[in-house]
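The figures here come from the full heavy-atom set of this structure, side chains too, leaving out hydrogens, waters and symmetry mates. Just so it is clear, the structure is predicted and the values come from calculations on it, not from any experiment.
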Amino acid sequence: MYSRLDRAHRAIPVGLGVITLAGVVALIVFDVSPSLFPARAHDFLGAFPLAMIAVAYLVYQSVHRPSGAEWLKAILLATAFLFWSANQFWRNPYQAMVFNDIAIALFVLDVFLVMVGWPAASPDESFGEAYAKPGQANNSDRSA
C-alpha cells in the first residue's frame, strides 16, 4: 500500500506534472487563439501532455517502489497514454487510428483490472473511490 512521500521524493514527479499542466494550458490557449501558434502546432500541443503524464506517472510510481504487478499495471497505463499521444501526433490517418485503438484497449483493460481488484495490493482509492470498512457508515449513508 502507498504511503505519503516526503517533499524530496515528490519533487521530480511533481515537477514533471507541473510541466505537463503547462502543456495543457498551452493546448487550451491554442483552442482559444490558434492564430498565436504556428501551423500544425495542435498536433504537438495535443500529444505533449499525454506523453509527459505517462513519464511523470512512471517516475511517480518509481519513487513508491511498487510490487511487480503494480509496476506492470503502471506501465500498462503509461503505455496507453503514449499510444494516445502518438494518435494525436501521427499524420498517417490509418496509423493514428491504430494507435488510438490500442490506447482504447489499454485504458479499458486498466479500468477492468481496477474493477476486478488486480493487483490485490492496489488500494481501492486509486480509482477515485472512497473505501469504508464493512459495517462502517459514511456521511452519505446517514439520514438527517
Going by the side-chain hydrogen bond (donor to acceptor under 3.5 Å, both in side chains) test, which pairs reach into residues 21-36, not counting sequence neighbours?
none
What distance do Thr79 atom OG1 and Leu109 atom CG have between them, rounded to the nearest 0.5 Å?
11.0 Å
So do Pro119 and Lys73 actually touch side chain to side chain, heavy atoms under 4.5 Å?
yes
Scanning both residues in full, the closest heavy-atom pair of Leu82 with Ala51 reads CD2-CA, 3.9 Å
For Ala56 against Gly17, the heavy-atom pair lying closest together
CB-N, 4.2 Å
Phe30 side chain reached by Leu36 side chain, heavy atoms, under 4.5 Å:
no
If Ile, Leu, Val, Met, Phe, Trp and Tyr residues are connected whenever their side-chain heavy atoms lie under 4.5 Å apart, and connections chain through other members, are Tyr60 and Val14 in the same group?
no
Short side-chain donor-acceptor distance under 3.5 Å, Glu70 and Ser67:
yes
In terms of heavy-atom contacts, does CH2 of Trp90 have more than 12 from other residues, nucleotides or ligands at under 6.0 Å?
no
Calculate, to the nearest 0.5 Å, the distance between atoms CZ and NE2 belonging to Phe37 and His42 respectively.
10.0 Å
Do Val111 and Phe107 come within less than 4.5 Å of each other through their side chains, counting heavy atoms only?
no
Nearest heavy-atom neighbours spanning Ala74 and Gln61:
CB-CG, 3.6 Å
Ile104 CD1: over 12 foreign heavy atoms closer than 6.0 Å
yes
Before we go on, tell me: are the rings of Phe81 and Tyr57 under 6.0 Å apart, centre to centre?
no
Enter the distance from Leu21:CG to Leu16:CG here, rounded to the nearest 0.5 Å.
11.0 Å
Are Met97 and Ile102 connected into the same hydrophobic cluster when the rule is that any two of I, L, V, M, F, W, Y join if their side-chain heavy atoms are below 4.5 Å apart?
yes
Check whether any side-chain heavy atom of Ile19 sits under 4.5 Å from a side-chain heavy atom of Phe48, and report yes or no.
yes
Using salt bridge (charged side-chain N to carboxylate O under 4.0 Å, His left out) as the criterion, list what pairs up with Asp43, not counting sequence neighbours.
Arg40
Out of curiosity, Phe89 CZ to Leu45 CG, how far, rounded to the nearest 0.5 Å?
10.5 Å
Which residues pass the side-chain contact (heavy atoms from CB on, under 4.5 Å) test with Asn87, sequence neighbours left out?
Trp84, Ala96, Phe99, Asn100
Distance-minimising heavy-atom pair for Leu50 and Ser85
CB-CB, 3.7 Å
In one Ile/Leu/Val/Met/Phe/Trp/Tyr side-chain cluster, 4.5 Å: Leu58, Leu72:
no
Side chains of Leu77 and Leu106 in contact at under 4.5 Å (non-hydrogen atoms):
no
Joint hydrophobic cluster, Phe83 plus Phe44, side-chain heavy atoms closer than 4.5 Å
no
